[in-house]
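What follows is one structure encoded as structure tokens, with my remarks underneath.
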Amino acid sequence: MKHARRLVAGTLAAGALALSLTGCGDSAAPTERLAGKTAQPTPSTPSTGSAAPSPAPGGAGDEAYRKWGLTAPLQYAPKPAQKPQIPKPGAGKVPVIDRIPVPADDKVVFLTFDDGAEKDPEFLKMAADLKLPISMFLTDSVASSDYGHFEKIRDNGSASTINNHTLTHPNLRTLSFEGQKKEICGQQERLEKRFGKRPPLFRPPFGNYNDDTLRAASECGVSSLVLWRVSMQINNFQYAEGSALKPGDIILAHFRGPSELKGTTETQMTTRMLQRIQEQGYRIGRLEDYL
């Protein structure tokens, strides 16, 4: 998977590789216990929100970075003049993307947060102050108890987005085509009803998928299946390959709290993640600007 043209062909290996990262498959992940912690949705009024502009360098307040433990302002990548070429999938399937094919000298990475179990008010302040462009992949069974929390992140001026991470977070490989379609389409419908828009992006729980997943996602109106190459742990990154970020890396983090992070808060974990990005000289891009 060294070249963009081989991206789709290599994603079955990427799916297996993703499992070696302690992402959704981490024993500490709240979704490991989703079956016993299904949340009850809170009735709410659909909100479409307005299309926010893409974040630009200097979008955050001048002093915001100090407030959240950074020693320098974050650098943001502007929307590219032209989107990278993503290889086309087979007929009736969606493309699988685990790294954005950007030029080797374009040091940009992308923030994605999964699940939705933790709903920390301090993180709302942090995301708004720093104008973090986050692609959120929400699981209904844990996020729906307060979808308004994630709506606030979407609407804070950062151009963050809400995407699909299934209804109940199953291992999709264990389900039939119809079972997978129920999980994916069901969450598409719930998110559309709640937020006024069907999400274009989908992430399979644990990074697990097969051909049925790609076909089901396509039939559910998904445009891309998004994996990752780097996952954020409590203090540091874990890499699928090598020991440093690479241009175009999609970073996986989770909406987690102290009980899953050994006493660390979501904001502390995010500060460390942003510090690691800065230390390696990378800018933060908005994933949807490149897809």
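Scope of the values below: all heavy atoms of this structure, side chains included, with no hydrogens, waters or symmetry mates. Since the model is a prediction, treat every value here as computed from it, not as a measurement.
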Q) For F110, which residues count as a ring pair (Phe, Tyr, Trp, His ring centres under 6.0 Å) partner, sequence neighbours excluded? A)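 Scan of F110 (ring pair (Phe, Tyr, Trp, His ring centres under 6.0 Å), adjacent residues dropped) gives Y290.
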Main chain of [Y], side chain of [X]: is a donor-acceptor contact present, judged purely on distance under 3.5 Å?
X    : Y    : value
K125 : E122 : no
R173 : Y209 : yes
Q268 : T265 : yes
S144 : S141 : no

Minimum-distance pair of heavy atoms, taken over all atoms of [X] and [Y]:
X    : Y    : value
G92  : S218 : O-CB, 3.4 Å
L252 : R203 : CD1-NH1, 3.4 Å
T271 : W68  : OG1-O, 2.9 Å

salt_bridge([X], [Y]) N-O dist < 4.0 Å:
X    : Y    : value
E266 : R256 : no
E189 : K182 : no
K246 : D249 : no
K181 : E178 : no
D146 : K119 : no
R283 : D106 : yes

Q) Once you round to the nearest 0.5 Å, how far does OG of S158 lie from CG of L111? A)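 These two atoms lie 10.0 Å from each other.
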Do the side-chain N and O atoms of [X] and [Y] include a donor-acceptor pair separated by under 3.5 angstrom?
X    : Y    : result
D129 : Y65  : no
Q233 : S231 : yes
T213 : D211 : no

Q. Is NZ or CZ of R154 both nearer than 6.0 Å to the six-membered ring centre of F195 and within 45° of the ring axis?
A.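 No.
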Q: Would you please indicate yes or no on a ring centroid separation below 6.0 angstrom for F123 and H149?
A: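 Centroid distance H149-F123: not below 6.0 Å, so no.
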Q.
Show every disulfide bond (SG atoms under 2.5 Å apart) that has at least one partner inside residues 223-291, sequence neighbours left out.
A.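 Residue pairs with at least one partner in residues 223-291: there are none.
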Q) Which of parallel (below 30°), tilted (30 to 60°) and perpendicular (above 60°) describes F113 and F255? A)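 Aromatic pair F113/F255 classed tilted.
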